[in-house]
Amino acid sequence: MAKRVMVAYALWAVGGPLGLHHLYLGRDSHALLWMVTLGGFGVGWAREVFRIPSYVGEANREADGARRGSTMPPFVSPVRFVGQVCVGIYFGTVALIGLSSLSFFYLIVLPLSVGAGVHLVSSVGQQTSDLHKTMAACLMTSPIFYGSSLSPLPISLAASITAAQHRKFKPSPSPGSTQELGPRLYRLGLAWLAFSAPLGYCVFHNTTATLYYLSDCVSALLDIFWFLPWLRGVLEYILLIPYRILCALTGGGYTEEVWRRVLEILLKEYTKREKEALQVLTLNEEASIEEITRSYRELAKKWHPDHNPSKEAEMMFIKIHEAYEVLLNRHKPNRSK
């Protein structure tokens with residue numbers, strides 16, 4: 001049965017971010033991609049207002065048994081390549097949030113997650129790529145960036161380049177062949193659950209850790225561009241977009257300086273060294289500068305070599321002093337304000 005442009009547009013308008021129009025056109029990989037990214041983070045869904053007629057034409061030509069010609073597409077689409085990189089990073093970030101506690105995470109789980117995202121984008125439409133070689137590129141790149149919170153980026157780049165080099169057309173379907181909707185929905189549902197279940201569990205049962213990881217990733221991303229102040233400004237502007245949208249909808253209510261302060265607090269989480277300093281001074285992360293100073297004075301008096309003749313007193317006193325300096329330096333910007 002021939003597909004209609006108006007039906008595709010109607011499904012695009014009603015459930016486009018969930019891929020309903022792609023499901024109607026038999027583009028199951030595209031539908032799954034839209035389900036897990038909410039329409040390509042909104043950008044891909046908006047772009048499709050101009051692409052739907054060509055999608056419908058492709059679906060009708062396939063239904064008539066049209067052949068696809070050569071085994072390799074003539075060129076790599078920049079949009080597809082960028083999409084592969086972005087979705088690979090996205091899948092890797094989701095894995096870092098929900099699955100990082102698994103054994104061999106950085107060597108196996110993370111590269112396979114990134115590779116799955118890259119391959120999903122490379123399989124959109126009439127094209128696909130070599131899954132085994134894409135995964136192999138991920139597995140070989142992952143050990144180089146072992147343990148880094150930004151490792152999804154180089155892994156995704158390596159996988160995307162490999163997928164582009166081994167791109168090919170999917171086999172042409174037999175004339176008049178159609179797949180039943182039930183099995184297609186079943187497979188899509190399983191794939192969506194495999195993606196969303198770990199993330200959902202982590203968000204609902206370990207919200208604090210999830211937010212800490214996201215803030216660490218954003219902070220690490222901004223630190224990369226310390227030598228390009230203008231680029232940091234652009235990233236800051238993007239981070240402030242939700243605030244500007246809120247002001248446009250509500251007429252304001254909060255100043256931009258307040259939002260900047262919230263963003264600063266979010267990105268300025270305790271480092272590993274600062275957490276160790278808190279443990280030395282037996283403090284929690286909410287401790288004020290007054291509490292830090294009070295604890296330091298009490299412990300310094302207890303472990304000062306002049307008052308404590310034990311062998312470990314001098315070493316412990318130095319450790320307490322270093323911890324105090326670490327926490328004092330952290331609070332200096334706030335004190336100056």
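Closest heavy-atom contact between T162 and K133: CG2-O, 3.5 Å. For L150 against P154, the heavy-atom pair with the smallest separation is O-CD, 3.2 Å. Here the closest heavy-atom approach between residue Y24 and residue A2 is recorded as OH-O, 4.4 Å. Nearest heavy-atom pair across G92 and V114 is CA-CG2, 3.7 Å. Across all their heavy atoms, A59 and K3 have their closest contact at CB-CG, 4.1 Å. The minimum heavy-atom distance between A158 and A137, with the atom names listed, is O-CB, 4.1 Å.
No close placement of the Y55 and H21 rings is indicated, their centers lying 6.0 Å or farther apart. For F145 and Y106, the distance between ring centers is not under 6.0 angstrom.
Put simply, the side chain of R27 reaches to within 4.5 Å of the side chain of E58, judged on heavy atoms. L185 has its side chain within reach of L23: a pair of non-hydrogen atoms, C-beta onward, lies under 4.5 Å apart. With a 4.5 Å cut-off on side-chain heavy atoms, P152 and L96 count as touching. In this structure the side chain of S29 reaches within 4.5 angstrom of the side chain of K170, judged on heavy atoms. A 4.5 Å side-chain heavy-atom check between R4 and V56 finds every atom pair outside the cut-off. Within the 4.5 Å cutoff, no side-chain heavy atoms of M315 are placed close to those of K319. You'll find the side chain of Y9 reaches within 4.5 Å of the side chain of V5, heavy atoms only. A heavy-atom distance below 4.5 Å is not found between the side chains of S113 and V94.
Taking the six-membered ring where tryptophan is involved, the planes of W12 and W45 are essentially parallel, since the angle between them stays under 30° and well short of 60°. Taking the six-membered ring where the residue is Trp, W34 and H30 present perpendicular rings, their angle passing 60° and hence far from 30°.
Interatomic distance, I320 CD1 to T282 OG1, rounded to the nearest 0.5 Å: 9.0 Å. Here OG of S142 is found 11.5 Å from CE of M140. Values are rounded to the nearest 0.5 Å. Residue F91 holds its CZ atom at 5.0 Å from CG of L120, rounded to the nearest 0.5 Å. Atom OG in S288 sits 7.0 Å away from atom CZ in R294 (nearest 0.5 Å). Of the inter-residue distances, the one linking F317 atom CZ with E322 atom CD reads 11.0 Å to the nearest 0.5 angstrom. Note that CZ of R167 and OG of S123 are 14.5 Å apart. Values are rounded to the nearest 0.5 Å.
Linking ILVMFWY side-chain heavy atoms closer than 4.5 Å, directly or via other members, places V85 and V79 in two distinct hydrophobic clusters. At a threshold of 4.5 Å between side-chain heavy atoms, the hydrophobic network of Ile, Leu, Val, Met, Phe, Trp and Tyr places L11 and W192 in one connected group. A single hydrophobic cluster is seen to contain both Y146 and L110, as judged by linkage of ILVMFWY side chains at heavy-atom distances under 4.5 Å, directly or through other members. Cluster annotation: V124 and V43 are assigned to distinct hydrophobic clusters (Ile/Leu/Val/Met/Phe/Trp/Tyr, side-chain heavy-atom contacts under 4.5 Å, transitive). In terms of hydrophobic clustering, with Ile, Leu, Val, Met, Phe, Trp and Tyr side chains grouped at heavy-atom distances under 4.5 Å, I155 and I108 are assigned to a common cluster.
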- Can you check side chain to side chain contact (heavy atoms under 4.5 Å, CB included) on M135 and L112, steps first, answer last? CA-CA 6 Å; M135 291 299 183; L112 292 182; 3.8 Å; yes
- Task: Might you work through the side chain to side chain contact (heavy atoms under 4.5 Å, CB included) test for Y90 and S156, ending with a clear yes or no?
- Result: CA-CA 9 Å; Y90 173 56; S156 184; over 6 Å; no
- So N284 and L278, side chain to side chain contact (heavy atoms under 4.5 Å, CB included) or not? Walk me through it. CA-CA 6 Å; N284 56 39; L278 288 170; over 6 Å; no
- Report the C-alpha distance between I292 and Y324 in whole Å, list the side-chain angles of each, state the deciding distance to 0.1 Å, and finish with yes or no for side chain to side chain contact (heavy atoms under 4.5 Å, CB included). CA-CA 7 Å; I292 293 172; Y324 177 64; 3.9 Å; yes
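Between the side chains of S129 and S122, at least one donor N or O sits under 3.5 Å from an acceptor N or O.
Other residues, nucleotides and ligands contribute at most 12 non-hydrogen atoms within 6.0 Å of the NE2 atom of H132. For R184, the CZ atom counts as densely surrounded, since its 6.0 Å shell holds more than 12 non-hydrogen atoms of other residues, nucleotides or ligands. When the shell of 6.0 Å around CZ of F41 is examined, it contains more than 12 heavy atoms from other residues, nucleotides or ligands. Around CD of E291, the count of heavy atoms belonging to other residues, nucleotides or ligands within 6.0 Å exceeds 12.
Of the candidates T134, I161, L157, T134 is the only one forming a side chain to side chain contact (heavy atoms under 4.5 Å, CB included) with V118.
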